[in-house]
Amino acid sequence: MSSSKTLIKTLIKNPTRIKSKSQAKQLHAQFIRTQSLSHTSASIVISIYTNLKLLHEALLLFKTLESPPVLAWKSVIRCFTDQSLFSRALASFVEMRASGRCPDHNVFPSVLKSCTMMMDLRFGESVHGFIVRLGMDCDLYTGNALMNMYAKLLGMGSKISVGKVFDEMPQRKSTLGSCCVVTESVDLEAETCIMPLGIDSVRKVFELMPRKDVVSYNTVIAGYAQSGMYEDALRMVREMGTSDLKPDAFTLSSVLPIFSEYVDVIKGKEIHGYVIRKGIDADVYIGSSLVDMYAKSARIEDSERVFSHLYRRDSISWNSLVAGYVQNGRYNEALRLFRQMVAAKVRPGAVAFSSVIPACAHLATLHLGKQLHGYVLRGGFGSNIFIASALVDMYSKCGNINAARKIFDRMNLHDEVSWTAIIMGHALHGHGHEAVSLFEEMKRQGVKPNQVAFVAVLTACSHVGLVDEAWGYFNSMTKVYGLNQELEHYAAVADLLGRAGKLEEAYDFISKMRVEPTGSVWSTLLSSCSVHKNLELAEKVAEKIFTIDSENMGAYVLMCNMYASNGRWKEMAKLRLRMRKKGLHKKPACSWIEMKNKTHGFVSGDRSHPSMDRINEFLKAVMEQMEKEGYVADTSGVLHDVDEEHKRELLFGHSERLAVAFGIINTEPGTTIRVTKNIRICTDCHVAIKFISKITEREIIVRDNSRFHHFNRGSCSCGDYW
DNA sequence: GTAGGGTTAG
């Protein structure tokens with residue numbers, strides 16, 4: 001008996017002396033043998049079991065206790081939390097309270113963590129009230145856990161989910177007001193304490209803490225950073241310095257994303273230097289932040305370098321670079337890295353999917369997009385709103401607006417992003433009226449349109465010529481929604497006016513923009529001038545473009561063609577000379593089509609494709625038929641110093657036509673043909689493909705750089721308005 | 001007890 005007492009004393013002083021399962025079991029057996037398994041000694045054995053993560057053994061012993069002491073309770077609560085059994089941890093806490101035991105300070109970190117993980121703010125608040133009444137809010141660890149809870153739960157839109165267990169809680173009621181939370185305690189005696197919301201709660205807990213350590217600072221800093229309060233976050237980092245606490249890997253991985261957003265690569269590099277000096281540059285968290293920061297500052301090579309030096313890579317480090325590639329328009333590299341990640345046995349999570357899917361959207365590679373969609377469903381991510389929005393966008397950009405709409409309609413929650421994706425989808429497919437009515441429906445459902453949503457609805461108006469509606473939306477931005485019109489909105493309106501033939505109005509509008517117009521805004525007007533054959537205005541616009549961007553190829557080519565079709569050879573020659581002096585070469589037009597999971601590319605006039613003979617044979621046959629039905633080649637917009645016959649041959653060889661022909665001869669009758677082109681579809685091909693769709697009885701979908709054209713039975717979804 | 005990557009436009 002006395003030896004057991006000594007043993008207990010030693011163990012209380014140093015319980016970690018027992019380091020293995022067998023040692024613990026020996027001790028347990030010894031207590032039983034000597035008949036000294038009291039509540040106290042049993043609790044010690046339980047705490048030893050839980051320290052060794054032996055939950056099963058701990059619980060078996062725990063159940064034998066009639067009235068478990070606090071040590072036993074807190075051991076199992078901590079163990080449940082460690083093993084992610086959060087609801088059981090909370091249930092035990094409730095039971096402990098019901099048994100009349102008063103928790104000591106080191107129960108609360110686990111309980112609060114469980115509340116955080118269960119996203120149960122209400123319960124967490126009542127625990128907080130309890131802590132305050134016990135006067136334990138001075139405890140360092142408890143305070144840190146409280147801050148973490150408020151940062152997480154109030155930061156993410158106060159999502160409250162109440163687990164089953166808590167229905168047994170007596171008198172729990174809490175009300176979220178706009179500025180305060182009224183909490184009732186766990187106890188039957190209803191006491192209330194008032195706490196402000198969100199980051200204010202975090203700050204308040206922080207300020208009341210008598211002692212703070214690095215973790216305390218890191219927690220507030222993360223809270224500020226995640227709430228977008230960057231100045232405050234950085235101020236706290238400085239304050240750490242004055243309290244003699246050194247920023248560590250945690251601090252820096254919260255601070256680095258701030259520089260990503262600010263795109264302040266200079267400060268970011270300074271931190272990178274600091275990180276290297278502190279020897280924490282191999283930290284996975286820091287590594288991914290650095291990869292992301294460089295990517296967001298368009299220094300993707302630096303991202304690659306950081307990534308390649310990481311000695312350990314988790315799914316987030318991989319994804320930082322995947323997302324970085326996408327953000328920098330390197331879609332093929334993004335897909336390649338994603339494949340590499342999967343090959344490296346790193347399972348892509350929800351975020352990874354929402355990063356890569358846009359790559360498929362940009363490349364219009366439907367087969368890859370579908371494959372990813374399959375992975376998404378198998379991974380159980382189908383209802384993730386980020387992924388679903390990305391899928392809606394991907395399907396519509398890959399030409400399948402019906403699939404996009406199906407996914408959209410099946411989503412159980414729509415936010416401004418998913419609405420925008422489907423509105424833009426319909427806009428690009430020429431369903432302007434549908435897009436506009438979806439925009440109205442979004443507003444009716446109380447989703448506030450953001451700036452991107454306005455870009456989408458203005459684009460919709462532009463593609464179908466809804467001039468009055470567009471003005472209404474444009475003006476409502478500032479008047480109703482307090483949103484500033486940015487370059488994109490001006491560009492959309494300018495584009496709309498141009499397409500509608502209101503060229504002078506468009507010119508005035510662009511000249512008076514609140515934002516400095518870019519070359520691309522003027523370029524859309526230039527192409528409208530070309531469509532509406534207004535050479536005089538085109539010349540004025542082209543000069544505007546050349547002062548902003550003297551190497552704008554598109555403008556040179558358009559002007560040359562306009563001069564040519566007006567027989568103004570002298571001007572054309574002058575412009576060509578200017579191009580040659582600058583060493584500018586025409587970017588080749590190309591189109592591509594997917595066939596049996598392979599992408600086939602065609603460049604205009606390119607005869608290198610192995611199927612070229614069959615393609616020509618097909619085009620020749622179809623051309624004869626077309627001419628019988630009244631097709632006349634429109635060669636005005638093409639080249640100039642070549643004879644008619646040669647021009648026709650050039651038209652014949654236009655990349656979109658080659659791709660369409662290739663698609664038709666390689667698929668079953670009735671299969672939809674989907675072609676993507678890097679620049680705007682040419683007028684003559686537009687006419688020709690209408691004929692081809694009728695003659696071959698095919699639906700042909702061509703995506704050019706600004707929209708989709710659905711050709712069916714001799715007409716196009718754009719109604720020739722484009 | 002603390003940290004990093006994501007969807008819509010251009």
Side-chain angles (χ1 to χ4, degrees), chain A residues 78 81 106 108-113 116 139-149 151-152 213-223 225-226 247-257 260 280 283-293 295-296 303 314-324 326-327 329 348-358 361 381 384-394 396-397 408 414-425 427-428 449-459 486-489 491-492 518 520-521 705-706:
Chain A
R78 189 165 35 77
T81 309
N106 43 24
F108 291 116
S110 302
V111 173
L112 292 168
K113 182 175 182 184
T116 310
D139 177 59
L140 176 63
Y141 278 52
T142 304
N144 288 346
L146 272 172
M147 289 193 291
N148 185 43
M149 180 183 79
K152 294 269 164 57
D213 67 354
V214 184
V215 177
S216 323
Y217 273 94
N218 287 346
T219 310
V220 249
I221 290 167
Q226 286 154 8
D248 63 4
F250 283 86
T251 327
L252 293 170
S253 50
S254 293
V255 168
L256 270 170
S260 302
I280 48 177
D283 182 282
V284 253
Y285 282 82
I286 303 234
S288 1
S289 297
L290 286 170
V291 167
D292 178 58
M293 182 194 74
K296 292 221 167 80
S303 299
D314 64 8
S315 71
I316 297 183
S317 2
W318 281 94
N319 194 236
S320 302
L321 189 55
V322 171
V326 175
Q327 285 151 10
V351 179
F353 286 113
S354 42
S355 308
V356 267
I357 292 170
F381 301 121
N384 179 304
I385 193 162
F386 281 75
I387 295 179
S389 307
L391 284 171
V392 167
D393 182 58
M394 183 276 291
S396 80
K397 296 241 171 76
F408 177 83
H414 293 133
D415 63 359
E416 72 274 24
V417 176
S418 47
W419 278 108
T420 304
I422 196 67
I423 292 169
M424 196 64 188
L428 293 178
N450 61 12
Q451 290 179 321
V452 188
F454 276 101
V455 175
V457 77
L458 291 171
T459 305
E486 303 292 335
L487 184 70
E488 290 79 13
H489 308 102
T518 56
S520 70
V521 176
N705 61 345
S706 82

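A note on names: the letters A, B, ... follow the listed sequences, proteins ahead of strands, and every chain is numbered from 1.
Proximity of A:Phe454 to A:Glu488: side-chain heavy atoms (C-beta onward) are nowhere separated by under 4.5 Å. At least one side-chain heavy atom of A:Ser216 sits under 4.5 Å from a side-chain heavy atom of A:Leu140. At least one side-chain heavy atom of A:Val220 sits less than 4.5 Å from a side-chain heavy atom of A:Met147. In this structure, A:Leu487 and A:Val521 have side chains that are in contact, with non-hydrogen atoms separated by less than 4.5 Å.
The side-chain hydrogen bond (donor to acceptor under 3.5 Å, both in side chains) check on A:Thr251 picks up A:Asn218, A:Asp248, with sequence neighbours excluded. Scored by the ring pair (Phe, Tyr, Trp, His ring centres under 6.0 Å) test, A:Phe381 finds A:Phe353 as partners (sequence neighbours excluded).
Rounded to whole angstrom, the span from the CD atom of A:Glu486 across to the C1' atom of B:dT8 amounts to 16 Å. Note: CD (A:Glu488) to P (B:dT8) measures 14 Å, nearest angstrom. When rounded to the nearest whole Å, the span between NE2 of A:His489 and C1' of B:dT8 equals 12 Å. Rounded to an integer number of Å, the gap from CD of A:Gln451 to C1' of B:dA9 is 10 Å.
Using a 4.0 Å heavy-atom cutoff across all strands shown, A:Ile423 reaches no nucleic acid atom at all.
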*Summarise protein proximity over nucleotides 2-7 of chain B in one line of letters, 5' to 3': B for base, S for sugar-phosphate only, - for none, counting protein heavy atoms closer than 4.0 Å.*
BBBBBB
